[in-house]
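The figures that follow rest on heavy atoms only: side chains count, while hydrogens, waters and symmetry mates do not. When a ligand or atom number is given, it counts from 1 through the structure's own listing order.
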Amino acid sequence: MTSQVRGVQLARLLGQWHALPGRRRSPDYAALAGAVRGLLADGRLPLGVRLPAERELAEALKISRTTVTAAYRELRESGHLASRRGAGSWTMLPGTHRVASTGLWTPLDDRDMIDLGVAALAAPPELLPAARAAAEDLPRYLGGAGYHPTGIIELREAVAHAYTDRGLPTSPDQIMVTNGTQHALDLVLRLALAPGGHVLVEAPSYPNALAALAARRARITTHGLAVEEPGWDADLLLGGLRQARPKLAYLIPDFQNPTGHLMPAALRERVVATAHAVGTDLVVDESFVDLPLDGTVLPPPTASFDRHSRVITIGGMSKPFWGGLRIGWVRASAPQVQRLAAARVGVDMASPVLDQLVAVHLLADAPAIVAARRAQLTAQRDALLAALAQRLPEWRVTVPHGGVTLWAELDGPISSALARAAEEVGVRLAPGPRFGLDGTLERFLRLPFTLPAADLVEAVGRIAAVRYDLDRGGRSQWREPAVIA
Ligand SMILES: Cc1ncc(COP(=O)(O)O)c(C=O)c1O
């Protein structure tokens, strides 16, 4: 079923459309068409949704119907709208705007490159002692075959304990250990989504989650996030779930990647209730939940509002500890965990015992390690914000109060061009379209603050220099960013 945006909803998204820059020179219909194009380009208005009937939008905007008719005509002519008589008009992008939006980033071994394509910290100093202690523990496991499809009991207990501490009572048989959060997502999708199934995701969202969905040939509906807090629009998100009734929704409510937004408790509760009412399973990615900054108090876990096993939570060690560990997990009902474990034997059998033991030691030390990570991230974020304010003051950023990334709104649809130019001066960037579908989000750039402050400041200086060159038309031999297509 096609989703539809109502007149009042579109009017709210359009905001002050009649006061856009350059407005004085263009008639009302052209300004309206331009504002709709802007929403599409930013991913706030999804592709393939039915726009309100002309009369309905005219009423919502308190303008004449002829203005809306002319605006829709212009949008059809520019390739942003497809109409069928009697059936309505659907949003689209002109064919030339489409670019590949998924694909894995391959950090190259280029020592001089400042890599802002990857949003993850280097290992903490506690990692090596934890690895040594894990090696000491290993003999306890060597008498067995070493296959533990749901994970070793010590780690499942530690992870369950951490959920319980957060106010979400959890037993070890509700936990399955995986090889990272990405693996957890892939396994959950194998279990919960038939090929071609319908999924709702945020726009922007985490590129490798989009890649996992593409691998399932998922049909995707998007919910566009605003730059400003809280990011999610309750009316549109819940309306989208009710209309599209997707099989599954993939959300990152805790310091969303890339925007850094934190979903308020009341919306979590309503999303879970609505998902249950329409038969949607929620996959909640908690990759960044351990990293609130500025004393931010976390809302209750999304799964704490779940009474019907609708919410599957995934998380892992990569963001608070180290990505190289490749340890993540799924929290679900015990029967779901059993089904996941059964599915897993056809994939990778089990996670390495030694790495799980390292994770056990790190989790035992979690309060101290994570406190140091937060202090480090706060200092690095502040250095990045200060450098941006100084060197690129036209860019708009909402200060993230957690996670490891900020989502900058640029001064034009230049994100991919900027990423290509930055690569030439030794800065790898993940441009906006990587985080969306169909080539939207060109006015945005994700900037992680996981590198040392000096590198971030240097990177911003180089980005500002190439930004200036873009305006002056100075183009070097641009290469594609490093991706596996
Ligand atoms: C939202 C989100 N989910 C999953 C992952 C993958 O995490 P892992 O290294 O645990 O597989 C990341 C890593 O950046 C992420 O940002």
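Legend: ring pair (Phe, Tyr, Trp, His ring centres under 6.0 Å) pairs involving residues 237-263, not counting sequence neighbours: none detected.
Between F435 and W407, the ring planes are perpendicular. Angles over 60° get that label, and only those under 30° would be called parallel.
Applying the side-chain hydrogen bond (donor to acceptor under 3.5 Å, both in side chains) test to Q390 and every residue at least two apart in sequence or in another chain returns nothing. Residues satisfying the side-chain hydrogen bond (donor to acceptor under 3.5 Å, both in side chains) test with W232, not counting sequence neighbours, are E202.
In this structure, H223 and S3 have side chains that are not in contact, with every pair of non-hydrogen atoms separated by 4.5 Å or more. You'll find the side chain of L410 stays beyond 4.5 Å of the side chain of R467, heavy atoms only.
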Does ligand 1 have any N/O pairs with the protein under 3.5 Å, and how far apart?
from: ligand 1; atom 1: 3 (N); to: D285; atom 2: OD2; distance (Å): 2.6
from: ligand 1; atom 1: 3 (N); to: S287; atom 2: OG; distance (Å): 3.2
from: ligand 1; atom 1: 9 (O); to: S318; atom 2: OG; distance (Å): 2.6
from: ligand 1; atom 1: 9 (O); to: R326; atom 2: NH1; distance (Å): 2.8
from: ligand 1; atom 1: 10 (O); to: T181; atom 2: N; distance (Å): 2.7
from: ligand 1; atom 1: 10 (O); to: T181; atom 2: OG1; distance (Å): 2.8
from: ligand 1; atom 1: 10 (O); to: S318; atom 2: OG; distance (Å): 2.9
from: ligand 1; atom 1: 11 (O); to: T181; atom 2: N; distance (Å): 3.1
from: ligand 1; atom 1: 11 (O); to: Q182; atom 2: N; distance (Å): 2.9
from: ligand 1; atom 1: 11 (O); to: R326; atom 2: NH2; distance (Å): 2.9
from: ligand 1; atom 1: 14 (O); to: K319; atom 2: NZ; distance (Å): 2.5
from: ligand 1; atom 1: 16 (O); to: N257; atom 2: ND2; distance (Å): 2.7

